[in-house]
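The basis for the numbers below is simple: all heavy atoms, side chains too, and nothing from hydrogens, waters or symmetry mates. By convention here, the first residue in the shown sequence is residue 1.
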Amino acid sequence: MPVFFVTADQIQNGTVTITGPLCDHLRASLRLRVGETIWLGDERRQRYLINTTHLDRRSVTGQVLEQIAGPAQVHPSVILGQTLLKGDRMDWIIQKATELGMASLVPIVTSHTVVRPRTDRHSSQQDRWQKIALEASQQSERWEVPTIAGPCDTATFFETQQQTSCRLILSERSDGQSLATVALPSKPDESVLVAVGPEGGWTKEELGQAQTCGFLPVTLGKRILRAETAALASLSVIQSRLGELG
Ligand code: SAM
């Protein structure tokens, strides 16, 4: 059952009006007709069964037939601090990490980051990544869409994330604790942040900065994984340990 995402403010007094790309998709790809129903979801983890009452090139309008609330959050949320990677690897990580249930992603520009985003392209790149997260959320039938933040440098990242309950930095070639056994929070209002380094690895200074800001170095074992492998492996281990994959 596909669920399409809208924003809560598009649903007023029991009716919804859809415009833009979703309207085009419903009309052209899904060939939606008046009288047919679709499911919509919003950022408040609510879902709405909609009866289509009108559609034209500009908009689709519908009546809310039923509204259901998403299941309560029972596990801590997981945030991915991901160093920017070349090519479409970032797209790939966002798609897969969304399917694995990440709550948000913060792109990090580190000393060894190879790709340097042009400032004038930040917002268009963030919009594109947010669209990938939206599509992956729809495909995996999630109740919410992860947020993709704007890129930031390591110092800003380490300092601004200090309110996260549990902060982990994936540190290759280190004798850090294993991710499989490090203590994780358990309450739904807590969060786990895992930071993944670039192809060239973290610098000593960055690892020092991270630990000063309360990040715990953790290892995924002796093999050196590609950054995208480490990102998904760490998410899978954490989500499995939190009970999100069972
Ligand atoms: N250039 C680094 C080196 O040769 O030591 C390897 C960096 S690795 C390709 C990219 C990132 O993935 C690392 O910075 C780290 O965050 C993570 N990573 C890879 N293998 C890991 C492991 N065995 N344990 C913890 N983190 C790992």
Side-chain angles (χ1 to χ4, degrees), residues 75-87 89-117 129 146-186 190-245:
H75 302 122
S77 49
V78 183
I79 303 160
L80 185 59
Q82 178 61 50
T83 309
L84 285 182
L85 297 174
K86 270 187 300 193
R89 292 157 68 197
M90 210 59 187
D91 301 3
W92 188 84
I93 286 180
I94 290 169
Q95 184 189 62
K96 304 309 174 195
T98 297
E99 293 169 47
L100 283 169
M102 93 173 152
S104 60
L105 182 140
V106 182
I108 317 169
V109 183
T110 69
S111 312
H112 290 159
T113 299
V114 175
V115 60
R116 300 270 155 189
W129 285 337
T147 46
I148 311 297
C152 67
D153 60 41
T154 39
T156 311
F157 172 73
F158 292 140
E159 274 145 33
T160 53
Q161 292 294 338
Q162 296 198 56
Q163 84 289 351
T164 314
S165 355
C166 170
R167 302 179 288 285
L168 307 172
I169 181 164
L170 290 184
S171 176
E172 71 282 5
R173 300 183 201 283
S174 84
D175 51 3
Q177 281 189 64
S178 160
L179 187 61
T181 53
V182 69
L184 293 178
S186 56
E190 295 180 296
S191 47
V192 182
L193 167 65
V194 58
V196 187
E199 295 92 333
W202 299 105
T203 63
K204 273 206 192 63
E205 297 69 32
E206 286 166 342
L207 286 170
Q209 251 178 354
Q211 291 178 73
T212 310
C213 295
F215 280 73
L216 200 59
V218 288
T219 178
L220 285 167
K222 292 282 173 260
R223 286 183 292 275
I224 300 297
L225 312 176
R226 288 181 187 281
E228 59 270 34
T229 314
L232 295 193
S234 58
L235 261 180
S236 305
V237 168
I238 292 167
Q239 289 290 62
S240 171
R241 289 188 59 200
L242 292 178
E244 277 288 318
L245 299 184

Self-check item: Euclidean distance, S174 OG relative to L220 CG, rounded to 0.5 Å
Solution: 9.5 Å

Quiz item: Any side-chain heavy-atom pair from L80 and I93 closer than 4.5 angstrom?
Solution: yes

Quiz item: With a 4.5 Å heavy-atom cut-off, do E206 and K204 have their side chains touching?
Solution: no

Quiz item: How far does OG1 of T154 sit from CD of E159, to the nearest 0.5 angstrom?
Solution: 9.0 Å

Practice problem: Return the minimal non-hydrogen interatomic distance between L85 and E228, and the atom names on each side. | Solution: CD1-OE1, 4.0 Å

Practice problem: Over 60° means perpendicular and under 30° means parallel, so classify the ring planes of F215 and F158, tilted if in between. | Solution: perpendicular

Quiz prompt | Shortest non-hydrogen contact between P107 and G150, atoms and distance | solution = CD-O, 3.8 Å

Quiz item: Out of R226, R89, H112, which one pairs with E199 under the side chain to side chain donor-acceptor pair (under 3.5 Å) rule?
Solution: R89

Quiz item: Taking C-beta and beyond as the side chain, do P76 and L184 meet within less than 4.5 Å on heavy atoms?
Solution: no

Self-check item: CD1-CG distance between I79 and L105, expressed to the nearest 0.5 angstrom
Solution: 10.0 Å

Practice problem: Check T83 against M90 and note the closest heavy-atom contact, atom names and distance. | Solution: O-SD, 3.9 Å

Quiz item: Does a side-chain heavy-atom distance below 4.5 Å link V182 with R241?
Solution: yes

Practice problem: Find out whether M102 and L100 are in side-chain contact, i.e. whether some heavy atom of one side chain is under 4.5 Å from a heavy atom of the other. | Solution: no

Quiz prompt | G81 versus F157, closest heavy-atom pair with distance | solution = CA-CZ, 3.9 Å

Quiz item: Of the non-hydrogen atoms in V237 and A180, which two are nearest, and what is the gap between them?
Solution: CG1-CA, 4.1 Å

Self-check item: Rounded distance [0.5 Å steps], CG in L235 versus CD in Q82
Solution: 9.0 Å

Quiz item: Taking C-beta and beyond as the side chain, do P198 and V114 meet within less than 4.5 Å on heavy atoms?
Solution: no

Quiz prompt | Side-chain donor or acceptor of T219 paired with backbone N/O of G221 under 3.5 Å | solution = yes

Quiz prompt | Any side-chain heavy-atom pair of L170 and V218 under 4.5 Å | solution = yes

Self-check item: Distance in Å, I94 CD1 paired with I148 CD1, rounded so as to fall on 0.5 Å steps
Solution: 4.5 Å

Quiz prompt | Shortest non-hydrogen separation from C166 to A183 and the atoms involved | solution = SG-O, 4.0 Å

Quiz item: Under 3.5 Å, is there a donor-acceptor pair between the side chain of E190 and the main chain of S186?
Solution: yes

